[in-house]
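Remember, it's a predicted structure, so these values are computed and weren't measured experimentally.
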Amino acid sequence: MAQVLAHAPDTSSAKAARGLTNPRTWSDLGSNDSLVWGKCQGSARAPYQVTVDLTEPAFRCTCPSRKLPCKHSLALLVMWATNDGAVADIEAAEPFAADWAAQRAGRKAAAGTDRAPDPEGQARRLAERESLMSAGMDDFERWLHDIVRQGLASARRQPPSFWDAAGARLVDAQLSGLGARVRAMGGDIHARDDWAPHLLGELGRWYLAVRAWRRRDDIDDATMGDLRTVLGWPRRRDDIGDRVADRWWVVGLSQQEDDNSLLSQRTWLHGERTGETVMLLDFAAAGQALKVAHVLGSIVAGEVARYPGGGPRRALLTDEEPKITQGAGLPHATDVSPALDQAAHWLAGNPWLRRIPMALGDVTVIPGDPPLLVDRHGAALTLAPETDIWQLLALAGGHPVRVFGEWVDERLHPLSVEIDDRLVSL
């Protein structure tokens with residue numbers, strides 16, 4: 001299951017795949033030693049024909065999605081990996097699957113195993129995608145101008161369908177990352193007391209993404225990596241090649257489960273030699289174990305491949321069996337002021353950054369409305385409203401402690417606390 005979900009081009013595809021694993025929406029399911037196939041009833045009249053070649057793997061689906069693999073291909077693999085009998089072992093593949101496999105074998109035989117990729121075809125597909133995204137950006141810019149022209153108070157009176165429709169148009173334009181942010185605003189604008197500055201800040205970041213897209217040929221690789229992330233344009237795993245070896249301290253874990261029972265986990269690592277903080281992102285289906293061999297407070301000696309972008313960067317652990325030892329505490333804790341300086345530095349490089357890791361040393365927990373973490377110099381950070389302040393107080397025992405957390409919307413979400421030279425999850 002972990003291998004299946006690792007092929008997801010982005011988080012939204014993995015979530016959508018989990019919602020398509022009901023066998024009632026599928027027909028003609030089957031598998032053999034090299035292929036998995038099935039037909040999924042989607043929004044079109046005819047069901048989508050889905051085939052996966054397990055030997056590479058390679059994917060084919062007749063749906064209009066440009067993602068590879070699409071949600072239907074991922075859903076088919078999820079059902080096959082679950083091994084609950086929904087995808088039976090059948091010797092003879094369905095004609096649509098067998099024909100596709102035969103065509104692939106014929107092309108390989110004609111071109112040879114060392115056939116180079118088709119650069120003209122790749123350039124054409126890239127141009128088509130960029131044209132679609134540019135059209136979506138033009139529409140989005142007009143929508144942003146309308147909101148500003150009518151005023152923030154008018155935007156707050158809009159129903160959730162207003163934000164959902166705008167988000168759906170962005171998804172159709174292959175801008176799923178922006179679409180998710182716009183849809184989330186439909187709830188935030190009514191749930192938050194600080195809705196006005198929050199909306200204004202998001203509008204600014206969205207417009208900045210529009211302007212950056214127009215200048216994409218002039219921006220550097222790191223900024224383009226950050227822009228692709230906010231737009232929801234995933235990268236192939238082959239493009240993730242910036243590797244670095246270190247002893248990585250596991251300093252924070254955060255797990256979430258969505259409505260489709262898809263479990264996701266962010267694992268924060270801090271490099272002992274490089275001093276760099278990176279984030280691993282893993283997924284697992286309900287009841288399945290995450291493909292993460294890390295325990296909070298442990299040290300993973302190995303190599304990671306970092307995604308293009310500014311810090312803190314997402315990464316993949318490349319070693320199949322890294323050497324793991326037990327660490328002692330939080331190695332890189334600082335006072336509040338240096339932590340905020342680092343946050344400002346990261347935000348200056350990537351204004352779309354949502355979560356900023358912070359390791360704070362010798363902070364005292366102060367209950368109140370809102371609760372605070374105060375360092376030895378009297379500088380304070382506000383804790384997120386959902387923080388279990390009484391658990392944190394009980395663990396600290398009234399003494400200064402070291403805390404690691406995620407800084408989101410100017411609120412700290414604690415993930416771990418150092419107690420007697422070991423990290424305890426919050």
Side-chain angles (χ1 to χ4, degrees), residues 10-12 126 129-156 158 162-189 192 194-235 279 281 306-314 340-358 406-411:
D10 50 40
T11 306
S12 61
L126 177 61
R129 170 159 191 154
E130 290 187 347
S131 176
L132 180 63
M133 294 173 70
S134 294
M137 282 295 197
D138 292 341
D139 177 72
F140 187 49
E141 183 179 30
R142 290 189 292 269
W143 183 82
L144 290 174
H145 285 168
D146 289 341
I147 288 183
V148 173
R149 186 164 44 247
Q150 295 169 11
L152 301 188
S154 176
R156 199 186 191 205
Q158 297 292 344
F162 171 79
W163 306 95
D164 289 342
R169 291 196 301 271
L170 288 167
V171 172
D172 291 341
Q174 300 291 300
L175 299 164
S176 59
L178 271 181
R181 291 197 177 198
V182 171
R183 282 172 163 164
M185 183 57 69
D188 291 346
I189 201 170
R192 297 176 63 121
D194 61 342
W195 67 269
H198 176 65
L199 173 60
L200 185 60
E202 281 292 87
L203 290 174
R205 283 182 282 271
W206 297 342
Y207 188 68
L208 188 62
V210 173
R211 302 295 294 177
W213 175 254
R214 301 262 169 77
R215 297 182 54 201
R216 60 187 181 277
D217 293 333
D218 300 324
I219 59 180
D220 57 56
D221 291 341
T223 304
M224 189 62 197
D226 295 330
L227 179 62
R228 288 182 64 137
T229 298
V230 73
L231 298 183
W233 188 358
R235 288 187 179 272
M279 185 263 294
L281 185 60
R306 297 171 294 186
Y307 282 70
R313 297 166 71 175
R314 182 182 170 188
L340 290 176
D341 288 343
Q342 179 63 70
H345 174 73
W346 279 331
L347 283 170
N350 179 9
W352 306 291
L353 190 60
R354 298 299 294 267
R355 293 181 176 87
I356 299 175
M358 282 191 177
E406 296 175 335
W407 180 248
V408 183
D409 290 338
E410 300 186 0
R411 300 289 187 272

Regarding Asp146 and Arg149, does a basic nitrogen lie under 4.0 Å from an acidic carboxylate oxygen?
yes
First locate atom CG of Leu340, then atom CH2 of Trp407, and finally report the distance between them rounded to the nearest 0.5 Å.
6.0 Å
Here the pair of heavy atoms bringing Leu175 nearest to Gly136 is CD1-C, 4.1 Å
Non-hydrogen side-chain atoms of Met185 and His198 separated by less than 4.5 Å:
yes
CG (Leu200) and CD1 (Ile147) are apart, to the nearest 0.5 Å, by 11.5 Å
Let me confirm one number: the CG-CG distance from Leu170 to Asp139, rounded to the nearest 0.5 Å.
7.5 Å
Does anything in residues 199-214 pair up under salt bridge (Lys or Arg N to Asp or Glu O under 4.0 Å), and if so which pairs, sequence neighbours excluded?
Asp138-Arg214, Glu141-Arg214, Glu202-Arg205
For residues 217-225, dump all side-chain donor-acceptor pairs below 3.5 Å to protein atoms at least two apart in sequence or in another chain.
residue: Asp220; atom: OD1; partner: Ala222; partner atom: N; Å: 3.2
residue: Asp220; atom: OD1; partner: Thr223; partner atom: N; Å: 2.7
residue: Asp220; atom: OD1; partner: Thr223; partner atom: OG1; Å: 2.9
residue: Asp220; atom: OD2; partner: Thr223; partner atom: OG1; Å: 3.4

Testing the basics here: between Asp226 and Gly309, what is the closest heavy-atom pair and its distance to 0.1 Å?
OD1-CA, 3.4 Å
Please verify the inter-ring angle class for Trp163 with Trp143; under 30° counts as parallel, over 60° as perpendicular, anything in between as tilted.
perpendicular
For Arg215, which residues count as a salt bridge (Lys or Arg N to Asp or Glu O under 4.0 Å) partner, sequence neighbours excluded?
none
Of all heavy-atom pairs between Leu231 and Ala209, which one has the smallest distance, and what is that distance?
CD2-CB, 4.4 Å
With sequence neighbours excluded, what pairs up with Trp195 under the ring-ring contact (aromatic ring centres under 6.0 Å, His included) test?
none
Check this for me: His345, atom NE2, are more than 12 non-hydrogen atoms of other residues, nucleotides or ligands nearer than 6.0 Å?
no
I'd like to know whether Trp206 forms a side-chain contact (heavy atoms from CB on, under 4.5 Å) with Val210, so could you lay out the CA-CA distance, the side-chain angles of the two residues, the decisive distance to 0.1 Å, and finally the verdict.
CA-CA 7 Å; Trp206 297 342; Val210 173; 5.9 Å; no
Taking only residues two or more places apart in sequence or in another chain, which ones pass salt bridge (Lys or Arg N to Asp or Glu O under 4.0 Å) with Arg181?
none
Calculate, to the nearest 0.5 Å, the distance between atoms CG and CH2 belonging to Leu227 and Trp233 respectively.
9.0 Å
Quick one, Gln158 with Ile189, criterion side-chain contact (heavy atoms from CB on, under 4.5 Å). Give me CA distance, side-chain angles, the key distance, then yes/no.
CA-CA 10 Å; Gln158 297 292 344; Ile189 201 170; over 6 Å; no
Before you tell me yes or no, could you show the steps for Asn350 and Leu347 under side-chain contact (heavy atoms from CB on, under 4.5 Å), namely the whole-Å CA-CA distance, both residues' side-chain angles and the distance that decides it to 0.1 Å?
CA-CA 5 Å; Asn350 179 9; Leu347 283 170; over 6 Å; no
Shortest non-hydrogen contact from Gly232 toward Ser176
O-OG, 3.5 Å
Closest approach of Leu208 and Pro351, non-hydrogen atoms and distance?
CD2-CG, 3.2 Å
Measure the CH2-OG1 distance between Trp352 and Thr229 for me, rounded to the nearest 0.5 Å.
9.5 Å
If you take all heavy atoms of Trp346 and Leu353, which pair is closest and at what distance?
CB-CD2, 3.9 Å
List for me each residue that meets salt bridge (Lys or Arg N to Asp or Glu O under 4.0 Å) alongside Asp194, sequence neighbours excluded, and say none if there are none.
Arg192
Steps toward side-chain contact (heavy atoms from CB on, under 4.5 Å) verdict (Tyr207, Val148)
CA-CA 11 Å; Tyr207 188 68; Val148 173; over 6 Å; no
Report yes if the side chains of Arg216 and Ser134 come closer than 4.5 Å at any heavy-atom pair, otherwise no.
yes
Counting neighbours of CD on Glu130 that are heavy atoms of other residues, nucleotides or ligands and sit closer than 6.0 Å, is the number greater than 12?
yes
